[in-house]
Trainee: 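Shown below is the structure under consideration.
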Amino acid sequence: MNLKRASAVFGFVIAAAGISYWGAKQVFIRAFATTDLQVRPYVAWKIDFVVAEGKEVTTAQTISVRRRDGASVQIATMYPARGAAITARRVDFPDGYAGTIIDSIRAKMTGRKSAVAVDADKATLMNSPGDCAYPGEKVQGEGNTFGYHVVQVVSGNDTARFVSWRLPDFSCMPVQTVLQNRSSVNGTWQTTNGSRVVSFIQTDPDPRIFTGWDGYSEEGPSDLRKKLMTNSGITPQQCPNCFADDPKGDALYTDWHARLIKQP
């Protein structure tokens, strides 16, 4: 495996797991604290890609589902240049319980979000902007995809931007997002990487996708990374960064997991 890519692949797992999000979202929207959610359920299949020499290369495939109560699961399978594919399941429930489950190594990383983060999640689902443009973004177009209205929004500057296509009927769920760059303000935008939904169905997901990890070992970010890399055939000699400790991530995880343990 390319060493930088090995580290990046696990970074993708952690991003999917939400470790960087844990404790970082400080939005006070108390009106949603005790509100029960009722949203449109769906099942979507998505690919992540990079553009190399003008061609898209798939780096991951994700199954993304959401229940009517707002609970969601993302099952992401990453494809490193060498070694076994890596699959991680991110689960979020409306009461704040969240976790990353890696079935191949029978390990999990679980915790509970703060009340502030739970409020913010509910607000995002229940009170998304009608045009799907958040602060710092602007609407650039609209159309239809999978039989639903879609809005195109853009953010960034003259030489680097994010372009996202979102579904207003599904709490502004993105169906495609790309990062684009250009060498000058008059240059042509070139896509470097992104993600795209390739299939989308409004339906109730299989309930089994939300369960099945009770007997798995509980691991923090650093230990989970090491265990995952070892299982994928990566050694510390090949990729020292893959086996380095993550004090910040471990501290955030400890806070979240302690909150889960202390729940009534």
Side-chain angles (χ1 to χ4, degrees), residues 12-13 15-18 21 32 35-50 56-79 85-104 118 120-134 137 139-153 162-179 191 193-213:
F12 182 93
V13 174
Y21 169 84
F32 296 95
T35 304
D36 291 330
L37 296 176
Q38 279 297 313
V39 294
R40 289 189 177 187
Y42 64 77
V43 177
W45 289 262
K46 182 185 73 172
I47 63 168
D48 295 313
F49 61 87
V50 296
E56 287 188 7
V57 178
T58 299
T59 57
Q61 296 186 36
T62 302
I63 300 173
S64 178
V65 309
R66 188 171 70 199
R67 293 192 319 206
R68 295 175 187 271
D69 66 352
S72 64
V73 176
Q74 293 189 63
I75 303 176
T77 300
M78 283 66 68
Y79 301 103
I86 298 171
T87 298
R89 193 170 17 151
R90 164 72 192 214
V91 184
D92 287 271
F93 289 96
D95 65 354
Y97 175 84
T100 297
I101 298 92
I102 303 181
D103 296 293
S104 62
V118 172
D121 287 345
K122 289 183 177 181
T124 298
L125 287 177
M126 298 178 64
N127 199 33
S128 55
D131 60 3
C132 289
Y134 294 92
E137 299 177 334
V139 175
Q140 183 164 280
E142 57 184 324
N144 287 277
T145 187
F146 304 113
Y148 299 100
H149 179 222
V150 64
V151 177
Q152 183 186 29
V153 299
F162 282 98
V163 185
S164 183
W165 292 258
R166 299 170 183 164
L167 298 174
D169 291 339
F170 293 86
S171 303
C172 293
M173 174 196 167
V175 291
Q176 180 166 301
T177 299
V178 297
L179 172 62
T191 297
N193 60 283
S195 64
R196 179 185 303 113
V197 172
V198 296
S199 180
F200 183 88
I201 304 172
Q202 180 179 332
T203 187
D204 291 303
D206 187 334
R208 292 174 296 181
I209 202 172
F210 293 87
T211 62
W213 55 85

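FYI, the numbering just counts along the sequence from 1.
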Trainee: Enter the distance from Q74:CD to I209:CD1 here, rounded to the nearest 0.5 Å.
Mentor: 10.5 Å
Trainee: Think R67 forms a cation-pi with F210, using NZ or CZ under 6.0 Å from the six-ring centre and within 45 degrees of its axis?
Mentor: yes
Trainee: Which heavy-atom pair separates C132 from R166 by the least distance, and what is that distance?
Mentor: O-NH1, 2.7 Å
Trainee: Minimum heavy-atom separation for P41 to P205, with atom names?
Mentor: CB-CD, 4.4 Å
Trainee: The test is side-chain contact (heavy atoms from CB on, under 4.5 Å); show your working for L167 and Y42 and say whether it passes.
Mentor: CA-CA 12 Å; L167 298 174; Y42 64 77; over 6 Å; no
Trainee: Kindly compute the distance separating OG1 (T124) from CE (M173), expressed to the nearest 0.5 Å.
Mentor: 15.0 Å
Trainee: Measure across V151 and D131 and return the closest heavy-atom pair with its distance rounded to 0.1 Å.
Mentor: CG1-O, 3.2 Å
Trainee: May I ask you to decide if F49's main-chain N or O and R196's side chain share a donor-acceptor pair within less than 3.5 Å?
Mentor: no
Trainee: With the side chain counted from C-beta on, respond yes when R66 and L125 share a heavy-atom pair under 4.5 Å apart, and no when they do not.
Mentor: yes
Trainee: Give the minimum heavy-atom separation between S128 and S171, together with the two atoms involved.
Mentor: OG-CA, 3.6 Å
Trainee: Which heavy atom of G130 sits nearest a heavy atom of P168, and at what distance?
Mentor: O-CB, 3.9 Å
Trainee: Taking atom CD1 of I75 and atom CG of D103, what is their separation to the nearest 0.5 Å?
Mentor: 8.0 Å
Trainee: Could you report the tightest heavy-atom contact between V118 and P94, atom names first, then the distance?
Mentor: CG1-O, 3.6 Å
Trainee: If I take atom CZ from residue R68 and atom CZ from residue R40, how far apart are they, to the nearest 0.5 angstrom?
Mentor: 10.5 Å
Trainee: Measuring from K46:NZ to Q176:CD, what's the distance to the nearest 0.5 Å?
Mentor: 11.5 Å
Trainee: What I'd like to find out is whether the side chain of Y148 reaches to under 4.5 Å of the side chain of V175, using heavy atoms alone.
Mentor: no
Trainee: F200 and ring pair (Phe, Tyr, Trp, His ring centres under 6.0 Å): which single residue from W45, W165, F170 fits?
Mentor: F170
Trainee: To the nearest 0.5 angstrom, please state how far the OG1 atom of T177 sits from the CG atom of D48.
Mentor: 9.5 Å
